[in-house]
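One is the number of the first residue; the rest follow in order along the sequence.
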Amino acid sequence: EMALVALLAAWLQRLIKPSLWRRTIWQTALLGMVLLLAGELTGVNGVVAGWSHSRKIPAPISSPLPDLKTKAVVSIKILSTGLTPIPEAPELGAPLSGPAKSVSAVWWPAGIWLLGMLGAMTGVLAPRFLFWWLRRRRVQAVTDERLIQCVGTLARRMGIRRPVRMIKRQSLAGPVAFGWWRPTVGLPDSIDSHFTASQQEVMMAHELAHLAAHDPAWHFLADLVCAMFWWHPLAWWSRGRLLCASEMAADEASRLMANGPGTLAECLVVMGRRLSQPVGFGWQRIEGNGFRSSLGQRVQRLLAMPEHPWQPW
C-alpha cells in the first residue's frame with residue numbers, strides 16, 4: 001500500500017509541471033501514508049480486510065443431522081466389533097475439553113520496529129530542539145529597519161497573519177525558516193557583508209514562502225512518517241520529493257521582486273560556495289541536508305523561470 005501511494009504520486013508528478021501542484025501531490029501522498037499508519041495501529045485495516053474476505057467465502061451447505069435411532073444402531077455395531085469409537089466433533093459454541101495449547105507471542109519484530117522508531121525519532125526531534133534553543137538563547141534581534149519593513153510587507157502579501165520574528169546567529173550558514181506557532185527567520189550575522197540589499201529581500205521572500213505554506217509543519221509530519229516507517233525506503237524517498245517540491249515552490253516567490261529569479265540564483269551560488277565548509281547549525285535548514293545536491297537544478301530552473309506574476313495559494 002505504501003508503494004502504491006508513492007508510485008502514484010511519482011506518476012502524477014511527471015504529468016504536472018507547476019511546483020505548487022507538485023508540492024500538493026506529495027503532501028496528499030504523505031497524508032495517505034498517515035492514514036495507512038493510523039489504520040494499522042487502530043486495527044481498521046484488519047477489520048476491512050476480514051470483511052472483504054468474508055464476502056468472498058460461499059455460504060456452507062447445510063446437511064441433515066442423523067436422528068437418535070441411527071446413532072444408537074451405529075453405537076451397537078461399534079461395541080459388538082470391539083472397535084474404539086471415534087469421538088464426535090463438538091458443537092459450535094461448546095467448551096473445549098482437555099488442556100489448552102499455549103501459544104507463544106512473537107514479540108521480537110515489534111521490538112526491532114520500536115527500537116528503530118525511537119532512533120529515527122531522536123533524529124527528528126534533535127534539530128527541532130536545537131532550533132527552539134537557538135530562538136531563545138544566544139541570538140540577537142535584527143535591527144535593520146529596511147529589512148524589517150520589507151519582511152512585514154511580504155508577509156502581508158503572502159497572507160501570513162502572525163508576526164514574523166527575525167534573529168541573527170553566527171553559526172548559521174544561510175537564512176532558515178522555522179516555527180509552527182511563532183514563525184521565525186534566522187539569519188547569519190554576516191549577511192550584510194555577503195549579500196546586497198536586493199539579495200537579502202529576495203531571500204526573505206523565499207523563506208517567508210516556506211512559512212506561508214506551513215512547510216515546517218509539513219516537514220515535521222514527513223519526518224514522523226519516516227520515523228514510523230523507518231524500514232521502508234519509499235517513505236524516505238517520498239520525504240525527499242516533498243522537500244524538493246517545497247523548495248521549488250518557495251523559489252517561485254522570488255517573482256515578487258524585480259529580477260527576483262536571477263537575483264535568487266546569484267544568492268544560491270554564493271551560499272553553495274559557503275556551504276562547501278561545514279559550520280555549526282548550517283546543515284539543518286528548512287530544506288534539510290540535500291541543499292547542495294539540488295543547488296544546480298534550482299539555479300537552472302530560476303534562470304529559465306517565466307516572468308508572469310506569482311500568486312500565493
Side-chain angles (χ1 to χ4, degrees), residues 17-20 22-23 26 127 131 142 144 146-147 150-151 154-155 158 164 166-178 183-213 215-216 218-219 239-310 312:
K17 297 301 181 182
S19 299
L20 295 176
R22 287 187 173 185
R23 181 180 61 190
W26 289 110
F131 279 137
V142 176
D144 189 353
R146 175 194 56 81
L147 194 58
C150 175
V151 169
L154 290 174
M158 294 182 181
V164 179
M166 292 189 298
I167 60 177
K168 283 186 177 182
R169 185 175 172 83
Q170 182 180 2
S171 58
L172 290 176
V176 54
F178 58 95
T184 307
V185 176
L187 303 174
D189 57 356
S190 60
I191 188 172
D192 296 329
S193 59
H194 289 86
F195 301 97
T196 63
S198 59
Q199 290 175 342
Q200 295 177 27
E201 294 176 358
V202 170
M203 288 191 297
M204 290 300 101
H206 174 91
E207 301 302 332
L208 291 176
H210 281 302
L211 297 177
D215 283 341
W218 282 104
H219 294 176
R239 172 185 175 274
R241 294 296 89 198
L242 174 64
L243 299 184
C244 182
S246 300
E247 285 302 310
M248 298 295 183
D251 286 343
E252 294 188 357
S254 61
R255 294 202 301 259
L256 291 173
M257 308 293 182
N259 193 25
T263 305
L264 183 58
E266 297 173 358
C267 298
L268 294 181
V269 173
V270 175
M271 292 175 59
R273 188 181 302 112
R274 297 189 62 195
L275 287 174
S276 60
Q277 300 293 331
V279 289
F281 294 102
W283 62 276
Q284 283 293 344
R285 52 179 43 81
I286 193 68
E287 68 273 7
N289 57 359
F291 180 81
R292 284 175 286 178
S293 62
S294 60
L295 178 62
Q297 296 179 2
R298 291 176 61 190
V299 171
Q300 182 180 6
R301 185 174 178 274
L302 284 168
L303 295 178
M305 188 172 292
E307 295 294 337
H308 58 82
W310 178 81

> Just wondering, do L154 and L256 contact through their side chains at under 4.5 Å, heavy atoms?
Replying inline: yes
>> What verdict does the side chain to side chain contact (heavy atoms under 4.5 Å, CB included) test give for V185 and V176, after you've listed the backbone C-alpha separation in whole Å, the side-chain angles of each residue and the deciding distance to 0.1 Å?
In response: CA-CA 6 Å; V185 176; V176 54; over 6 Å; no
> Looking only at heavy atoms, which two atoms of T263 and A258 are closest? And how far apart?
Replying inline: OG1-O, 4.5 Å
>> Test of understanding: with side-chain hydrogen bond (donor to acceptor under 3.5 Å, both in side chains), list the residues that count as partners of D144, not counting sequence neighbours.
In response: R146
>> A side-chain contact here means heavy atoms from C-beta on lying under 4.5 Å apart; do S198 and M257 qualify?
In response: no
> Could you give the distance from CG (L264) to CZ (R255), rounded to the nearest 0.5 Å?
Replying inline: 12.0 Å
> With no hydrogens and no angle check, do the side chains of S246 and H210 hold a donor and an acceptor under 3.5 Å apart?
Replying inline: no
>> To check you understand the geometry: which heavy-atom pair defines the closest contact between F195 and Q200, and what is its length?
In response: O-NE2, 3.1 Å
>> Could you report the tightest heavy-atom contact between L187 and V142, atom names first, then the distance?
In response: CD1-CG2, 4.0 Å
> Ignoring hydrogens and geometry, is there a side-chain-to-backbone donor-acceptor pair from E201 to C150 under 3.5 Å?
Replying inline: no
>> Tell me the closest heavy-atom pair linking R22 and A245, and the distance in Å.
In response: C-CB, 4.1 Å
> CD1 of I191 to CG of L147: how many Å apart, nearest 0.5 Å?
Replying inline: 6.5 Å
> Between R23 and A213, what is the shortest heavy-atom contact and its length?
Replying inline: NH1-CB, 3.2 Å
>> For a quick test of reading the model, state the closest non-hydrogen atom pair linking A212 to M158 and the distance between them.
In response: CB-O, 3.8 Å
>> For the CG atom of L243 and the CZ atom of R239, what is their distance to the nearest 0.5 Å?
In response: 5.0 Å
>> Any non-hydrogen side-chain atom of L211 less than 4.5 Å from a side-chain atom of P216?
In response: yes
> Tell me, which pairs form a salt bridge (charged side-chain N to carboxylate O under 4.0 Å, His left out) where one or both residues lie in residues 186-199, sequence neighbours left out?
Replying inline: K168-D192
> Less than 4.5 Å apart, any side-chain heavy atom of I167 and any of T184?
Replying inline: yes
> Any side-chain donor paired with an acceptor under 3.5 Å for Q199 and H194?
Replying inline: no
